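Below is one structure, written out as structure tokens; the observations come after it.
Quick caveat, the model's predicted, so the values are computed rather than measured.
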Amino acid sequence: MTAFKSDFLNTLQERGFVHQCSDFEGLDALAAKGEVTGYVGYDCTARSLHIGNYLTMMMLHWLQQSGNKPITLMGGGTTMVGDPSGKDETRAIRSVAEIEANKESIRGVFAKVLRYGDGKSDAVMLDNAEWLTKLNYIEMLRDVGRHFSVNRMLTMDSVRLRLEREQEMSFIEFNYMICQAYDYVELARRTGCNLQMGGSDQWGNIIMGVDLGRRMGTHQLFALTTPLLTTASGVKMGKTAQGAVWLNADQFSPYDFWQYWRNTEDADVGKFLKLFTTLPMSEIRKLEALGGSEINEAKKVLATEATALLHGRDAANEAAETARRTFEEGALAESLPTVEIPRGEFDAGLGVLNAFVKAGLVASNGEARRQIKGGGLRVNDEPVTDEKMALSAANLTPEGVVKLSFGKKKHILLRPA
């Protein structure tokens, strides 16, 4: 392990964030003096960011903690183009209104891990729509486009892999890396930005920006990427049976977020404590050294600390208490995630298959049938044995809800409204 001069790179290396860097020595020297202004770009393709984005947010967090300055760049402009990285098909073209709505929904999450303000190391938020939407096409071709080699662009993973699979790539997508590279140059000129960070799948795009800056006469620019997240079993991290692990509480509740971390594979506990909590490394080493059944206590710490960072300490403690009551006492904790069902639909008799689909515990009626045959579904803690069962007022608990369970750890309350 390399010993760096800067707290920034030492922290990132020790916690497992570092994958590639364009110039460790040069970046380290600037970071040690508190002279790094670093950014990560976030496109507005959905109403919420997800776990993969959270990893780069934590990189910005540690950049700020070391006395350097973070920038969160909202992709109001690049979302209109669509990043082809890792995609076999062209992303859906989103309307300006949809992009704006997504952008507003996303904004709030950054303040959970970053401090915004006017100070030297305070974070700032910018939007690339401010400059990309004002570009004149002919001037863009002359001033920026002439610095790009199509031969080189065709070797980038985002393009090459799509072409190798004989999947069509639109001209608008082909331009994405030019827009991203130009963002870097624009930020360098406007803010003195000298570092772009991202996932390892963004390496080619980021290096394009470093090279464009050199060609267009900016100060030296740097690139730093983090490994793409996979679990110990090799599965891409951030997916559940119900879909993505979103960061917005209205799309993925604090309780679900807590449970997601509680269900971490044993071999991943140490890694995730380093990446997704701010616990001191000395404490993390003690926790990752636990074995046998004691590893479950480390998982609870991971779940509570990761949830507290994103949703606040109160929400994290409530989620932990809800889990304790549900699993250790067998009690009905009313703070479990709740799905409301129209009263009329419920009173008419809600089919149990449909109920589990509406609750998001299974993806389809067919999956519900398979789980029933395997004894995996329960209503109010009783196994479901009849796939034609209908839920009605007779199934309501004294609290006025029906508890649906998939396995031992996934629970939803249905509430007629």
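Between the side chain of Ser105 and the backbone N or O of Ala101 there is no donor-acceptor pair closer than 3.5 Å. A distance-only check finds a donor-acceptor pair linking the side chain of Asn128 to the backbone of Gly76 [under 3.5 Å]. For the pair His61 (side chain) and Val113 (backbone), a donor-acceptor distance under 3.5 Å is present. Side-chain atoms of Asn10 come within 3.5 Å of backbone atoms of Phe4 as a donor-acceptor pair (strictly under, hydrogens ignored). Checked by atom type and distance alone, the side chain of Asn263 pairs as donor or acceptor with a backbone atom of Gln259 at under 3.5 Å. Within the 3.5 Å criterion, the main-chain N or O of Cys193 finds no donor-acceptor partner in the side chain of Thr37. With hydrogens and angles ignored, the 3.5 Å screen pairs a side-chain donor or acceptor of Glu367 with a backbone N or O of Ala363. Asp28 places a side-chain N or O within 3.5 Å of a backbone atom of Ser6 that can act as its donor or acceptor partner. For the pair Asp7 (side chain) and Ser66 (backbone), a donor-acceptor distance under 3.5 Å is absent. The main-chain N or O of Glu98 is never found under 3.5 Å from a side-chain atom of Lys103 such that the two would form a donor-acceptor pair.
Closest of all the heavy-atom pairs between Trp203 and Ser22 is CH2-N, 3.6 Å. The minimum heavy-atom distance between Ile206 and Gly198, with the atom names listed, is CD1-N, 3.9 Å. Minimum interatomic distance between Val36 and Asn68 (heavy atoms only, all atoms of both residues): N-OD1, 2.9 Å. The two residues Leu114 and Ala123 have their closest heavy-atom pair at CB-CB, 4.2 Å.
With hydrogens and angles left out, the side-chain atoms of Thr304 and Asn317 include no donor and acceptor closer than 3.5 Å. Between the side chains of Gln202 and Asn205, at least one donor-acceptor pair of N or O atoms lies under 3.5 Å.
Each of Asn175, Thr45, Asp43, Asp183 was evaluated against Thr78; a single residue qualifies, Asp43, per the side-chain hydrogen bond (donor to acceptor under 3.5 Å, both in side chains) test. Checked against Met74 for a side chain to side chain contact (heavy atoms under 4.5 Å, CB included), the options Ile99, Ile106, Leu126 give a single hit: Ile106.
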Original post:
Can you list the steps and then say if Met59 with Thr226 is a side chain to side chain contact (heavy atoms under 4.5 Å, CB included)?
Top reply: CA-CA 9 Å; Met59 295 176 82; Thr226 189; 3.7 Å; yes
Original post:
Does the side chain to side chain contact (heavy atoms under 4.5 Å, CB included) test come out yes or no for Lys299 and Asp266, once each step is laid out?
Top reply: CA-CA 8 Å; Lys299 292 181 183 180; Asp266 292 0; 2.6 Å; yes
Subject >> Worked check of side chain to side chain contact (heavy atoms under 4.5 Å, CB included) between Val144 and Met216 >> reply: CA-CA 8 Å; Val144 180; Met216 296 187 72; 4.1 Å; yes
**OP:** Go through the steps to decide whether Val109 and Ser48 satisfy the test side chain to side chain contact (heavy atoms under 4.5 Å, CB included), and finish with yes or no.
**Re:** CA-CA 9 Å; Val109 74; Ser48 172; over 6 Å; no
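The shortest side-chain heavy-atom distance between Asn296 and Arg262 falls under the 4.5 Å cut-off. Looking only at side-chain heavy atoms (C-beta outward), Gln196 and Val210 stay at 4.5 Å or farther from each other. With a 4.5 Å cut-off on side-chain heavy atoms, Arg378 and Leu404 do not count as touching. Side chains of Leu27 and Leu9 form a contact here, defined as non-hydrogen atoms less than 4.5 Å apart. Looking only at side-chain heavy atoms (C-beta outward), Met80 and Val96 come within less than 4.5 Å of each other. Between Met57 and Leu247, some side-chain heavy-atom pair lies under the 4.5 Å cut-off. Between Leu310 and Phe252, every side-chain heavy-atom pair lies at or beyond the 4.5 Å cut-off. The side-chain heavy atoms of Leu350 and Lys358, taken from C-beta on, include a pair separated by under 4.5 Å.
The distance from atom CG of Leu132 to atom OH of Tyr182, rounded to the nearest 0.5 Å, is 8.0 Å. Atoms NZ and CD, from Lys300 and Glu305 in turn, are 14.5 Å apart once rounded to the nearest 0.5 Å. Note: Phe148 CZ to Ile178 CD1 = 5.0 Å, rounded to the nearest 0.5 Å. Separating the OG1 atom in Thr56 from the CG atom in Leu63 is a distance of 12.0 Å, to the nearest 0.5 Å. To the nearest 0.5 Å, the span separating CH2 on Trp258 from OG on Ser253 amounts to 12.0 Å. In this structure, the separation between NE2 on His50 and CG on Asn248 is 12.0 Å, given to the nearest 0.5 Å.
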Could you pull out every donor-acceptor pair under 3.5 Å between side chains of residues 272-293 and any protein atom, sequence neighbours left out?
| residue | atom | partner | partner atom | Å |
| --- | --- | --- | --- | --- |
| Thr277 | OG1 | Leu273 | O | 2.6 |
| Thr277 | OG1 | Leu279 | N | 3.3 |
| Arg285 | NH2 | Glu14 | OE2 | 2.7 |

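Aromatic pair Tyr42/Phe110: ring centres closer than 6.0 Å. For Phe356 and Phe406, the gap between ring centers reaches or exceeds 6.0 Å.
Residues Arg324 and Glu321 are paired through a salt bridge, judged by an N-O separation under 4.0 Å between the basic side chain and the carboxylate.
Judged as a side-chain contact (heavy atoms from CB on, under 4.5 Å), and not counting sequence neighbours, the contacts of Arg115 are Gln64, Ser121, Asp122.
Taking the six-membered ring where the residue is Trp, Tyr39 and Tyr184 present perpendicular rings, their angle passing 60° and hence far from 30°.
By the neighbour-count criterion of 12 heavy atoms within 6.0 Å, atom CG of Asn136 is densely surrounded, having more than that number from other residues, nucleotides or ligands.
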